[in-house]
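Following: one structure in structure tokens, then a few remarks.
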Amino acid sequence: MLPRPHVSAYLRTAVTTLAATALAVTGLLAAAPAAPADSSAGAGHPSAGVTVKMPAAVADRLGAERRALLDAVSADVLSRSHDARELAPSAAVGELAAEGRKVVVDVRDVSGDWARGVAYVEASRARHGAPEGWLYIAHREDGRWAPGLEGDPEFADHVARSPLVGTAERRTMTAYAEREATPDPQASPAGALANTNGLLLPWMPDYYMTLTGGAHAHDGATGYWSSLDFAGGNASGLVRSSREGTATSMCGAGGGWTRVIHPGGFSTDYYHLHNTTYYNGTSIARSALLGSIGTDTCAGGSATGAHVHWALRTYDADYNGQYTWLSGRTIGGWAWWNGSLQYSGCGTRLGVTACPGTAIYNRTG
């Protein structure tokens with residue numbers, strides 16, 4: 001498990017900014033207590049205009065290396081973002097800002113020549129959708145920071161070598177990439193284990209929530225139809241992990257977006273949560289509490305009513321993570337199928353078809 005700050009301390013120090021001289025250029029918001037000033041910021045840097053989150057203690061440990069690290073991670077994020085990769089960094093950040101969207105780099109921990117955190121590009125707040133986000137690990141070699149975002153070749157190398165990745169997390173993430181499944185003795189091979197290694201729906205087994213949105217793209221627009229929306233039911237609105245794995249709070253403490261990496265080639269995202277539990281590369285059990293259904297938009301998108309936006313992701317052997325299709329896959333004992341339009345798809349189980357508006361029990365087999 002990665003070292004993590006106490007939640008209240010994290011909240012007091014979470015948002016940091018660049019030097020006051022750079023604020024007019026970057027438009028970053030100041031918050032106290034801020035990290036020590038960095039006077040090197042300017043429009044020519046990839047991190048210009050990027051919102052930075054960094055505990056003061058981490059900023060102190062980085063010292064003069066802060067700017068180089070932020071530039072390296074920001075450049076990587078902007079090159080990977082679907083909405084920014086065709087543009088120069090300054091143009092990309094400017095266009096996103098014009099849409100009310102931020103690029104965020106969160107530096108969570110530093111040890112020697114290693115740094116670790118989360119980075120994301122906010123979703124449009126004009127429609128229901130979800131952001132792009134990555135875990136990253138960066139290593140300083142020969143005076144240069146080499147970041148690895150999920151999906152970069154460097155990420156796999158850094159997972160294997162970084163002291164910021166704990167033994168249990170390294171085992172889970174390696175098994176994720178290598179698709180080493182850990183059998184679930186409570187799941188039937190003909191049911192939940194059929195093709196997703198025992199993934200459950202995001203609440204307690206044998207309780208129900210109501211399907212409010214069938215299969216749709218993670219951002220509500222493009223890509224594989226990887227996501228489902230759920231609300232209500234007798235599960236008390238409590239959102240839980242679909243399987244054991246390693247959990248990370250993508251927006252930081254108090255934010256409503258959690259990612260869980262599971263053994264066996266899948267990970268799951270949970271968005272719009274309320275009263276979230278803060279995780280930072282933390283090993284968790286199946287059905288661990290993540291939070292409650294909510295309307296949080298800590299990284300963009302929109303939510304008109306309390307619900308959980310749940311999305312399925314997969315990795316290849318190179319740790320290249322992406323949202324993947326649901327159609328034909330079995331989750332929580334239900335086989336999920338695309339509809340003619342996004343959000344209209346249904347689930348089937350034992351001859352029963354459940355479409356949006358239907359209460360669905362979470363089953364282990």
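Just so it is clear, the model here is predicted, and its values are computed rather than measured. In this chain, residues are counted from 1 in sequence order.
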Given side-chain hydrogen bond (donor to acceptor under 3.5 Å, both in side chains), test W336 with S327 step by step and report yes or no. CA-CA 5 Å; W336 296 94; S327 194; over 6 Å; no
Pair D157, R161 - check salt bridge (charged side-chain N to carboxylate O under 4.0 Å, His left out), show working. CA-CA 6 Å; D157 175 73; R161 298 194 297 130; 3.0 Å; yes
Would you sort out whether R313 and S267 count as a side-chain hydrogen bond (donor to acceptor under 3.5 Å, both in side chains), showing the intermediate values? CA-CA 5 Å; R313 291 163 44 90; S267 65; 3.1 Å; yes
Between I284 and V260, is the side-chain contact (heavy atoms from CB on, under 4.5 Å) condition met? List the steps. CA-CA 9 Å; I284 61 172; V260 182; 4.0 Å; yes
Worked verdict on L199 versus F266 for side-chain contact (heavy atoms from CB on, under 4.5 Å): CA-CA 9 Å; L199 289 179; F266 293 98; 3.9 Å; yes
Using the side-chain hydrogen bond (donor to acceptor under 3.5 Å, both in side chains) rule, take E132 and S81 through it: C-alpha gap first, then chi angles, then the decisive distance, then the call. CA-CA 7 Å; E132 300 176 276; S81 169; 2.7 Å; yes
Derivation of the side-chain contact (heavy atoms from CB on, under 4.5 Å) call for D83 and R101: CA-CA 11 Å; D83 292 340; R101 300 165 63 187; 2.8 Å; yes
L69 vs V107, test: side-chain contact (heavy atoms from CB on, under 4.5 Å). Steps then yes/no. CA-CA 9 Å; L69 173 63; V107 186; 4.1 Å; yes
So Y120 and D106, side-chain hydrogen bond (donor to acceptor under 3.5 Å, both in side chains) or not? Walk me through it. CA-CA 9 Å; Y120 57 88; D106 183 344; over 6 Å; no
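Between H309 and H272, the two ring planes are perpendicular [angle over 60°; tilted spans 30° to 60°]. Taking the six-membered ring for Trp and thresholds of 30 and 60 degrees, H158 and H139 have ring planes more than 60 degrees apart, a perpendicular arrangement.
To the nearest 0.5 Å, atom OG1 of residue T297 and atom CD of residue E122 are 8.5 Å apart. Atom CE of residue M250 and atom OG1 of residue T276 lie 13.5 Å apart, to the nearest 0.5 angstrom. Atom CZ of R140 is separated from atom CG of L62 by 7.5 Å, given to the nearest 0.5 angstrom. Atom CG of D229 and atom OG1 of T212 lie 4.5 Å apart (nearest 0.5 Å). With rounding to the nearest 0.5 Å, the separation of CH2 in W257 from CG in L273 is 11.5 Å. Going from atom CZ of R67 over to atom OG of S74 covers 8.0 Å, rounded to the nearest 0.5 Å.
In terms of heavy atoms, W145 sits closest to A72 at O-CB, 3.8 Å. Considering all non-hydrogen atoms of both residues, L135 and R259 come closest at N-NH1, 4.4 Å. Nearest heavy-atom pair across T172 and I261 is CG2-O, 3.4 Å. Taking all atoms of both residues into account, the shortest heavy-atom contact from P205 to T364 is CB-CG2, 3.9 Å. Taking all atoms of both residues into account, the shortest heavy-atom contact from E244 to H262 is O-ND1, 2.9 Å. Between S47 and D71, the shortest heavy-atom contact is OG-OD1, 2.6 Å.
At distances below 3.5 Å, not a single donor-acceptor pair connects side-chain atoms of T51 with backbone N or O atoms of V104. No donor-acceptor pair under 3.5 Å is formed between the side chain of T196 and the backbone N or O of I331. Side-chain N or O atoms of T174 include none that pairs as donor or acceptor with a backbone N or O of R171 at under 3.5 Å. Proximity of a side-chain donor or acceptor of K53 to a complementary backbone N or O of C251 within less than 3.5 Å is detected. In this structure, Y271 contributes its side chain and A299 its backbone to a donor-acceptor pair below 3.5 Å. Checking side-chain atoms of R80 against main-chain N and O of V77 turns up no donor-acceptor pair under 3.5 Å. Between the side chain of S241 and the backbone N or O of A285 there is at least one donor-acceptor pair closer than 3.5 Å. The closest donor-acceptor contact from the side chain of D152 to the backbone of E154 lies at 3.5 Å or more, if one exists at all. Between the side chain of R125 and the main chain of S302, no donor-acceptor pair closer than 3.5 Å is present. Using modelled atom types, one side-chain atom of H218 and one backbone atom of P131 make a donor-acceptor pair closer than 3.5 Å.
Hydrophobic clustering (side-chain heavy atoms under 4.5 Å, transitive across Ile, Leu, Val, Met, Phe, Trp, Tyr) keeps V308 apart from L289. No path of Ile, Leu, Val, Met, Phe, Trp and Tyr side chains, each step under 4.5 Å between heavy atoms, connects L87 with L149, placing them in separate hydrophobic clusters. The cluster map of Ile, Leu, Val, Met, Phe, Trp and Tyr, joined by side-chain heavy atoms under 4.5 Å apart, puts W337 and Y224 in different clusters. Cluster membership check: W225 does not share its hydrophobic cluster with L228, using side-chain heavy-atom separations under 4.5 Å among Ile, Leu, Val, Met, Phe, Trp and Tyr.
Contacts classified as disulfide bond (SG atoms under 2.5 Å apart) and involving residues 336-365 (residues at least two apart or in different chains) are given here: C346-C355.
Between V352 and W334, some side-chain heavy-atom pair lies under the 4.5 Å cut-off. Contact annotation: the side chain of M204 never approaches that of L238 to less than 4.5 Å [non-hydrogen atoms, C-beta and beyond]. For the pair T248 and T258, the minimum side-chain heavy-atom distance is 4.5 Å or more. Taking the side chain as every heavy atom from C-beta outward, V58 and R108 never approach each other to under 4.5 Å. Looking only at side-chain heavy atoms (C-beta outward), V103 and L96 come within less than 4.5 Å of each other. Looking at heavy atoms from C-beta onward, R363 lies out of side-chain contact with L200 at the 4.5 angstrom threshold.
Residue Y343 places its OH atom among more than 12 non-hydrogen atoms of other residues, nucleotides or ligands, all under 6.0 Å distant.
Annotation: side-chain hydrogen bond (donor to acceptor under 3.5 Å, both in side chains) contacts of W310 (sequence neighbours excluded): S242.
When ring centroids are compared, Y361 and Y208 come within the 6.0 Å threshold. Between W203 and F230, the gap from one ring centroid to the other is short of 6.0 Å.
Stacking of R329 on the aromatic ring of W325 is recorded, both the 6.0 Å distance cut-off and the 45° axial limit being met.
When only modelled atom types and interatomic distance are considered, S162 and R116 share no side-chain donor-acceptor pair under 3.5 Å.
For the pairing with M209, the side chain to side chain contact (heavy atoms under 4.5 Å, CB included) check across L201, I293, N362, I360 returns one residue only, I293.
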